[in-house]
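Have a look at the structure below before the remarks.
Naming convention: chains lettered A, B, ... in sequence-line order (proteins, then strands); numbering from 1 in each chain.
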Number of protein chains: 2
Amino acid sequence: MSAKQILVVEDERPIREMIAFGLRRAGFEVREAADARSGRAEVANKLPDLLLVDWMLPDTSGLEFTRALKRDRETRELPIIMLTARAEEGDKVAGLEGGADDYITKPFSPRELLARINAVLRRAMPAEGTERVDIEGLVLDQSSQRVSSGDRTVALGPTEYRMLAFFMTHPERVYSREQLLDRVWGGNVYVEERTIGVHIRRLRKALEEFGYDRLIQTVRGSGYRFSARPL
Amino acid sequence: MSAKQILVVEDERPIREMIAFGLRRAGFEVREAADARSGRAEVANKLPDLLLVDWMLPDTSGLEFTRALKRDRETRELPIIMLTARAEEGDKVAGLEGGADDYITKPFSPRELLARINAVLRRAMPAEGTERVDIEGLVLDQSSQRVSSGDRTVALGPTEYRMLAFFMTHPERVYSREQLLDRVWGGNVYVEERTIGVHIRRLRKALEEFGYDRLIQTVRGSGYRFSARPL
DNA sequence: ATTCCAGGTGACGGTTTTGTGGCGTGCGCA
DNA sequence: TGCGCACGCCACAAAACCGTCACCTGGAAT
């Protein structure tokens with residue numbers, strides 16, 4: 001597994017360099033940008049694996065920056081961690097709403113940062129060799145973000161796709177609703193656990209016409225399981 | 001799987017109780033301590049599965065408390081989550097260096113706390129080699145919460161599954177109804193001992209079509225035994 | 001043989017968990 | 001600005017499961 005590339009967008013140079021230093025020492029490849037403009041340029045230049053974005057940037061707010069990236073299809077899946085100072089704490093919510101995958105308040109320890117980075121990467125990154133998964137003829141292709149059967153594509157919303165992708169890369173195992181929230185939605189979101197049932201149903205319905213809805217099994221009292229074996 | 005036990009060490013009573021309440025509602029068993037001293041006593045008394053420690057305690061800093069535990073061989077593996085107020089944020093570094101497995105800043109949402117707890121517990125709980133058990137072709141797979149024979153799955157309700165899982169991981173040994181209540185239902189539940197017989201029957205019936213019902217043996221006057229050997 | 005009792009059985013009502021359809025909202029897009 | 005898609009959530013329906021009870025059974029003790 002090659003080194004993950006992280007782009008740090010932060011205007012205060014000492015901070016930026018300290019972060020970069022720590023990350024490099026941890027084995028990441030690091031690129032730096034001092035403002036949103038050059039940040040965008042860097043992203044366009046070569047897609048990093050993860051973005052660290054300061055909340056306050058000289059030219060735009062990190063929020064705007066994030067929003068823009070999350071809107072673009074090309075960069076939508078790019079994981080973003082927002083850096084906020086304590087004073088800006090009230091905006092956390094907004095930061096997440098804006099689409100950041102996680103945030104971290106300054107000051108933070110290198111260890112904390114690493115923990116979050118790894119968490120987010122783990123979430124975002126298809127585990128080794130799961131770029132393409134075929135289960136009983138149901139085919140997940142992560143690079144094109146599509147799931148298909150034969151030559152037909154299963155119609156899925158973004159959330160359904162993420163959930164199905166997660167399931168297909170983690171079959172034969174029961175996941176609680178809480179775990180699903182954590183792994184499919186991401187750590188810092190508040191969503192009713194009940195809602196998961198709704199998405200399960202939508203996913204089942206989408207798979208139904210292909211005859212694959214049976215793969216999503218309910219484990220009463222525990223959660224759900226994706227399995228090729230009959231219940 | 002019986003309920004995990006969590007010890008909350010926090011001097012501010014309302015906060016402590018709120019946390020305890022939330023955790024209990026989430027199915028944890030909770031013990032409380034108001035200062036480091038009684039905290040230590042509680043730990044010594046009976047090792048909990050996880051520790052929630054406030055950063056500021058009347059007698060010692062949470063840091064010292066944690067350090068001490070991490071130094072002791074007996075408690076080194078005990079997972080610790082530190083609670084810090086925002087104002088103490090700068091000390092995070094020290095907190096983590098001190099050996100806490102995670103920290104969380106007040107105020108926090110119950111869900112966030114639960115997520116961290118589960119994450120830490122999951123990390124701390126490496127399988128005991130009972131992940132997969134095969135007895136005479138009857139296969140228990142705990143990660144998928146399923147018992148199967150050949151390619152067919154035994155249809156079990158939650159309680160039946162728990163009971164069978166317990167039996168398969170503790171074979172060749174007689175358990176009284178009371179013991180079963182304790183280990184399968186988990187301690188503080190009021191259920192008629194008579195009821196166990198009913199579940200035994202249900203379990204036998206479920207195993208019947210696979211020819212495995214013979215594995216559950218009645219020991220008159222004592223209880224039940226799961227054994228591959230006939231008798 | 002008769003009695004007695006632990007344990008087995010089948011049925012039932014209540015409770016909890018999950019499935020389902022629908023509604024309102026927010027955001028991207030035209 | 002208006003439209004349509006996703007999404008989150010609610011309220012209700014359906015299903016699964018659980019704990020008990022009343023009654024049956026088989027064998028051990030007398």
Side-chain angles (χ1 to χ4, degrees), chain A residues 63-64 66-77 93-94 96-100 145 147 154-165 174-178 180-181 184-186 188-208 213-214 216-225 231, chain B residues 25-27 111 145 153-164 174-178 180-181 184-186 188-208 213-214 216-225 231:
Chain A
L63 176 61
E64 255 322 304
T66 299
R67 276 232 174 95
L69 286 173
K70 286 295 176 185
R71 224 174 282 133
D72 190 330
R73 187 129 193 292
E74 195 67 27
T75 54
R76 170 159 309 165
E77 293 300 316
V93 185
L96 283 173
E97 305 270 308
Q145 293 199 25
V147 177
V154 182
L156 299 169
T159 305
E160 284 142 50
Y161 168 79
R162 281 203 310 277
M163 191 157 86
L164 182 52
V174 176
Y175 290 94
S176 69
R177 292 171 179 75
E178 199 189 340
L180 288 174
L181 267 186
V184 176
W185 272 253
N188 296 293
V189 202
Y190 182 71
V191 175
E192 291 287 329
E193 291 197 356
R194 215 60 192 38
T195 300
I196 288 188
V198 178
H199 280 277
I200 288 283
R201 169 173 146 280
R202 288 175 181 154
L203 186 47
R204 278 178 172 148
K205 196 150 74 177
L207 290 172
E208 197 172 45
D213 54 311
R214 69 197 159 83
I216 300 177
Q217 302 167 354
T218 302
V219 181
R220 194 162 227 268
S222 296
Y224 297 93
R225 168 181 54 206
L231 188 105
Chain B
R25 219 178 35 157
R111 212 171 80 73
Q145 287 194 31
T153 297
V154 183
L156 300 169
T159 305
E160 284 142 51
Y161 170 80
R162 281 202 309 275
M163 191 157 85
L164 181 52
V174 178
Y175 290 95
S176 70
R177 288 154 231 283
E178 197 188 344
L180 287 175
L181 265 188
V184 176
W185 272 253
N188 309 320
V189 201
Y190 178 68
V191 175
E192 292 286 331
E193 291 199 354
R194 225 57 208 349
T195 301
I196 293 202
V198 178
H199 279 278
I200 289 283
R201 171 177 141 278
R202 288 174 180 155
L203 185 48
R204 277 178 173 147
K205 195 152 77 179
L207 290 172
E208 198 171 40
D213 53 312
R214 67 195 162 84
I216 299 178
Q217 304 167 352
T218 303
V219 181
R220 196 163 233 266
S222 299
Y224 300 92
R225 169 180 50 206
L231 184 69

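- Looking at residues two or more places apart in sequence or on another chain, you find a side-chain contact (heavy atoms from CB on, under 4.5 Å) between Arg220(A) and Pro158(B).
- Counting to the nearest Å, the C1' atom of dA6(D) and the CG atom of Leu203(A) are 14 Å from each other.
- When the side-chain contact (heavy atoms from CB on, under 4.5 Å) test is applied to Arg214(B), the partners found at least two apart in sequence or on another chain are Glu136(B), Tyr212(B).
- Legend: residues meeting side-chain hydrogen bond (donor to acceptor under 3.5 Å, both in side chains) with Glu178(B), ordered by chain and number and at least two apart, are absent.
- Of the side-chain N and O atoms in Trp185(B), one or more sit less than 4.0 angstrom from OP1 or OP2 of dG19(D).
- We find that CD1 of Ile200(B) is positioned 13 Å from P of dG19(D), with the value rounded to whole Å.
- Within the nucleic acid shown, Thr218(B) comes within 4.0 Å of sugar-phosphate atoms alone, with no base atom in reach, counting heavy atoms only.
- In this structure, the side-chain contact (heavy atoms from CB on, under 4.5 Å) partners of Val191(B), at least two apart in sequence or on a different chain, are Leu181(B), Trp185(B), Val189(B), Thr195(B).
- Rounded to an integer number of Å, the gap from Glu208(B) CD to dG8(C) C1' is 13 Å.
- In this entry the distance linking NE2 of His199(B) with P of dG7(C) reads 17 Å, nearest Å.
- With hydrogens and angles ignored, a donor-acceptor pair under 3.5 angstrom links the side chain of Arg202(B) to the base of dG19(D).
- Across Ala155(B) and Ala206(B), no two heavy atoms sit closer than the pair O-CB, 3.6 Å.
- In the set dA6(D), dT18(C), dC17(D), dT18(C) carries the atom at the smallest distance from any side-chain atom of Arg177(A).
- Summary for the helix from dA1(C)-dT30(D) to dA30(C)-dT1(D): the axes at its two ends, each from 5 pairs, differ by 30° when rounded to the nearest 10 degrees.
- For Tyr175(A), the ring pair (Phe, Tyr, Trp, His ring centres under 6.0 Å) partners at least two apart in sequence or on another chain are Phe166(A).
- When all heavy atoms of Met163(A) and Leu203(A) are compared, the pair lying nearest together is CE-CD2, 3.6 Å.
- Whole-Å rounding puts the Arg204(A) CZ to dT20(C) C1' distance at 12 Å.
- OP1 or OP2 of dG8(C) lies within a sub-4.0 Å distance of a side-chain N or O belonging to Tyr224(B).
- Among the heavy atoms of the strands lying under 4.0 Å from Gly157(B) are primed sugar atoms or P, OP1, OP2 only; no base atom is included.
- Among residues two or more places apart in sequence or in another chain, the side-chain hydrogen bond (donor to acceptor under 3.5 Å, both in side chains) test is passed with Glu160(A) by none.
- Rounded to whole Å, atom P of dG21(C) lies 6 Å from atom NZ of Lys205(A).
- Close to dA6(D), at under 4.0 Å from its OP1 or OP2, lies no side-chain N or O of Thr159(A).
- Distance, Leu231(A) CG to dA15(D) P: 16 Å, rounded to whole Å.
- Partners of Tyr224(A) under the side-chain hydrogen bond (donor to acceptor under 3.5 Å, both in side chains) rule, at least two apart in sequence or in another chain, are Arg177(A).
- Scanning all heavy atoms of the two residues, the minimum distance from Gly223(A) to Val174(A) falls at N-CG1, 4.3 Å.
- Residues Gly223(A) and Val198(A) each lie close to DNA chain C; by heavy-atom proximity, the contact nearer the 5' end of the strand is made by Gly223(A).
- Ile196(B) places its CD1 atom 19 Å from the P atom of dC17(D), with the value rounded to the nearest Å.
- Considering only side-chain atoms of Pro158(A), the nucleotide from dT18(C), dA6(D), dG7(C) that sits closest is dA6(D).
- If you check every strand for non-hydrogen atoms under 4.0 Å, Tyr161(A) touches nothing.
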Heteroatom pairs (N/O) under 3.5 angstrom, protein to nucleotides 22-26 of chain D:
unit_1	atom_1	unit_2	atom_2	d
dG26(D)	N2	Arg220(B)	NH2	3.3

